[in-house]
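Below: the structure, in structure tokens.
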Amino acid sequence: MKTKYYTKMLLPLSIFGLIFRILEIMFAIEPESGFYYTESVIPLLCNIYTFLVIAFFISETFLIKSENKTQRKRFGYVSTFDKVLMLLSAVFILANALNVFLFELNINYSYGSVADIFKASPVYVLIFAAISCLFIVFFASAPKKYSSSSFMSILSLSITVYYIIRLFTRFLDLNEILSKAYGTHTILLLGFIVLACMNFSKLLAGILSKKYFVAFGLCAVYLATVHLAEFVMYFLPGNPYNINVDIFAYAADFFTAAVILKMVLLIAKKPDKVTNNEEVLPEQSEEVNAMNAPNDR
């Protein structure tokens, strides 16, 4: 199989997963407790479907050949729309981190010293969110300049660290673990965003990891689409399913997944023409020379 087949399958698989998740919330989750109804078979079917979709995308790491040259220069050709998505992701990443930090500061207003503040995880979420925003703004402002920068590849790891901290914070929250109907999907989403961002940094560093970035990136985008079900159901009149939504976190994850999707499509797309930044294949150079040579009389 080729990479394009995986990207083409993303839309139908994600739409069906979103519909499946909405039906699961409507008919298989108890609104008062957030637990699954024990007699319902829908959660089992939904989990099996999600597992199969993730396994399908991860199969790319085994079925697709490794690239023979670095792909980081591809990131230099992002569109204006891509840049807008990047900036939106930066805004909501920082907004979510500030929201969590201010909430924690309001709850624990009796910090004894500055050292006590730095013992809380929201501080580090805010720090790495700010560094992530710095990277995103720089990269969006001059992608051709920074797509081959070793320093920027290191700076891009701040996004990975930001999501790692959020992942562990979410995983250690007993309330989220007990309410598996909602918490498990969020943890899966954050985990695959971590893997996708980590491989994005490797690509910027010139490491051959295209197929891993595409595979984990498509998994992250699929889970982000399914995750929208909770966001949609939250805005129903009266919130009948008693869903608790952190809008800043949802927006940050959604726009980050959207950026990942655009980068996946960019790196998976076959270039239409040879540019000065790409190598010319031997057969292409022979064709060019033949066209430019004078006709024999």
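The heavy-atom pair separating Thr70 from Gly206 by the smallest distance is CG2-O, 2.9 Å. Between Arg21 and Ala229, the shortest heavy-atom contact is CG-CB, 3.3 Å. The two residues Lys73 and Ser148 come nearest to each other via the heavy atoms CG-OG, 3.8 Å. Residue Phe213 comes nearest to Ala196 through the heavy atom pair CD1-O, 3.3 Å, listed as atom of the first residue, atom of the second, then distance. Closest of all the heavy-atom pairs between Ala129 and Ile93 is CB-CG2, 3.8 Å. The two residues Met233 and Asn239 make their nearest non-hydrogen contact at O-OD1, 4.1 Å.
Side-chain contact annotation: Ser89 with Thr256, donor-acceptor N/O pair under 3.5 Å absent.
Two different hydrophobic clusters hold Leu208 and Val214 under the rule that ILVMFWY side chains link at heavy-atom gaps under 4.5 Å. Linking Ile, Leu, Val, Met, Phe, Trp and Tyr whenever their side-chain heavy atoms come within less than 4.5 Å leaves Leu167 and Leu157 in two separate clusters. Using a 4.5 Å cut-off between side-chain heavy atoms of Ile, Leu, Val, Met, Phe, Trp and Tyr, with links allowed through other members, Leu134 and Phe139 fall into the same hydrophobic cluster. Taking hydrophobic clusters as Ile, Leu, Val, Met, Phe, Trp and Tyr residues chained together by side-chain heavy-atom distances below 4.5 Å, Val221 does not share a cluster with Val232. The cluster map of Ile, Leu, Val, Met, Phe, Trp and Tyr, joined by side-chain heavy atoms under 4.5 Å apart, puts Leu228 and Phe16 in the same cluster.
A 4.5 Å side-chain heavy-atom check between Ile29 and Tyr241 finds every atom pair outside the cut-off. For the pair Phe168/Ile164, a side-chain contact is recorded, criterion being any heavy-atom separation below 4.5 Å from C-beta on. Side chains of Phe81 and Lys262 form a contact here, defined as non-hydrogen atoms less than 4.5 Å apart. Between Leu203 and Ile267 there is a side-chain heavy-atom pair separated by less than 4.5 Å. Looking at Glu24 and Tyr36, their side chains come closer than 4.5 Å, going by heavy atoms from C-beta outward. Here the side chains of Phe57 and Leu10 are in contact, with some heavy-atom distance below 4.5 Å. Contact check for Pro143 versus Lys83: side-chain heavy atoms found under the 4.5 Å cut-off. The shortest distance between side-chain heavy atoms of Val100 and Arg166 does not fall below 4.5 Å.
Here CG of Leu190 is found 6.5 Å from OG1 of Thr186. Values are rounded to the nearest 0.5 Å. If you take NZ on Lys65 and OG1 on Thr3, they are separated by 12.5 Å, rounding to the nearest 0.5 Å. For the atom pair CG of Leu126 and CG of Asn99, the computed distance is 11.0 Å after rounding to the nearest 0.5 Å. Taken from CD1 in Ile136 to CE in Met86, the straight-line distance is 8.5 Å, to the nearest 0.5 Å. Distance CD1/Ile58 to CZ/Phe216: 5.5 Å, rounded to 0.5 Å. Residue Thr160 holds its OG1 atom at 11.0 Å from CD1 of Ile165, rounded to the nearest 0.5 Å.
The main-chain N or O of Thr61 is found under 3.5 Å from a side-chain atom of Lys211 such that the two form a donor-acceptor pair. At distances below 3.5 Å, at least one donor-acceptor pair connects side-chain atoms of Ser132 with backbone N or O atoms of Ile159. Between the side chain of Ser149 and the main chain of Met152, a donor-acceptor pair closer than 3.5 Å is present. Listed for the Asp82 side chain is a donor-acceptor partner under 3.5 Å among the backbone atoms of Ser79. When atom types are taken as modelled, the side chain of Asn199 and the backbone of Leu195 share a donor-acceptor pair closer than 3.5 angstrom.
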> Could you go step by step and tell me if Ser59 and Tyr6 meet the side chain to side chain donor-acceptor pair (under 3.5 Å) rule?
Replying inline: CA-CA 10 Å; Ser59 69; Tyr6 287 94; 3.0 Å; yes
>> I'd like to know whether Phe103 forms a side-chain contact (heavy atoms from CB on, under 4.5 Å) with Asp246, so could you lay out the CA-CA distance, the side-chain angles of the two residues, the decisive distance to 0.1 Å, and finally the verdict.
In response: CA-CA 12 Å; Phe103 178 79; Asp246 185 343; over 6 Å; no
> Could you walk me through whether Val245 and Phe231 pass the side-chain contact (heavy atoms from CB on, under 4.5 Å) check?
Replying inline: CA-CA 7 Å; Val245 168; Phe231 191 79; 4.0 Å; yes
>> Pair Leu45, Phe20 - check side-chain contact (heavy atoms from CB on, under 4.5 Å), show working.
In response: CA-CA 9 Å; Leu45 296 176; Phe20 211 158; 3.6 Å; yes
> Passes side-chain contact (heavy atoms from CB on, under 4.5 Å), Ile54 versus Phe192? Steps please.
Replying inline: CA-CA 10 Å; Ile54 291 174; Phe192 277 105; 3.6 Å; yes
>> The test is ring pair (Phe, Tyr, Trp, His ring centres under 6.0 Å); show your working for Tyr124 and Phe128 and say whether it passes.
In response: CA-CA 6 Å; Tyr124 298 99; Phe128 283 101; 7.5 Å; no
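Other residues, nucleotides and ligands place more than 12 heavy atoms under 6.0 Å from the OH atom of Tyr49. Within a 6.0 Å sphere centred on CZ of Phe255, heavy atoms belonging to other residues, nucleotides or ligands number more than 12. Phe138 CZ: 12 or fewer foreign heavy atoms inside a 6.0 Å radius.
For Phe27 and Tyr37, the ring centers sit 6.0 Å or farther from each other.
Using cut-offs of 30° and 60° on the angle between ring planes, the pair Phe200 and Phe135 is perpendicular.
The only member of Leu13, Leu223, Val226 that meets side chain to side chain contact (heavy atoms under 4.5 Å, CB included) when paired with Thr50 is Leu223. Of the residues listed (Tyr234, Tyr250, Tyr222), the one engaging His227 in a ring pair (Phe, Tyr, Trp, His ring centres under 6.0 Å) is Tyr250, and it is the only one. Checked options Leu265, Ile260, Val259; the residue passing with Met263 is Val259 (criterion: side chain to side chain contact (heavy atoms under 4.5 Å, CB included)).
In this structure, Glu60 has no salt bridge (charged side-chain N to carboxylate O under 4.0 Å, His left out) partners at least two apart in sequence or on a different chain.
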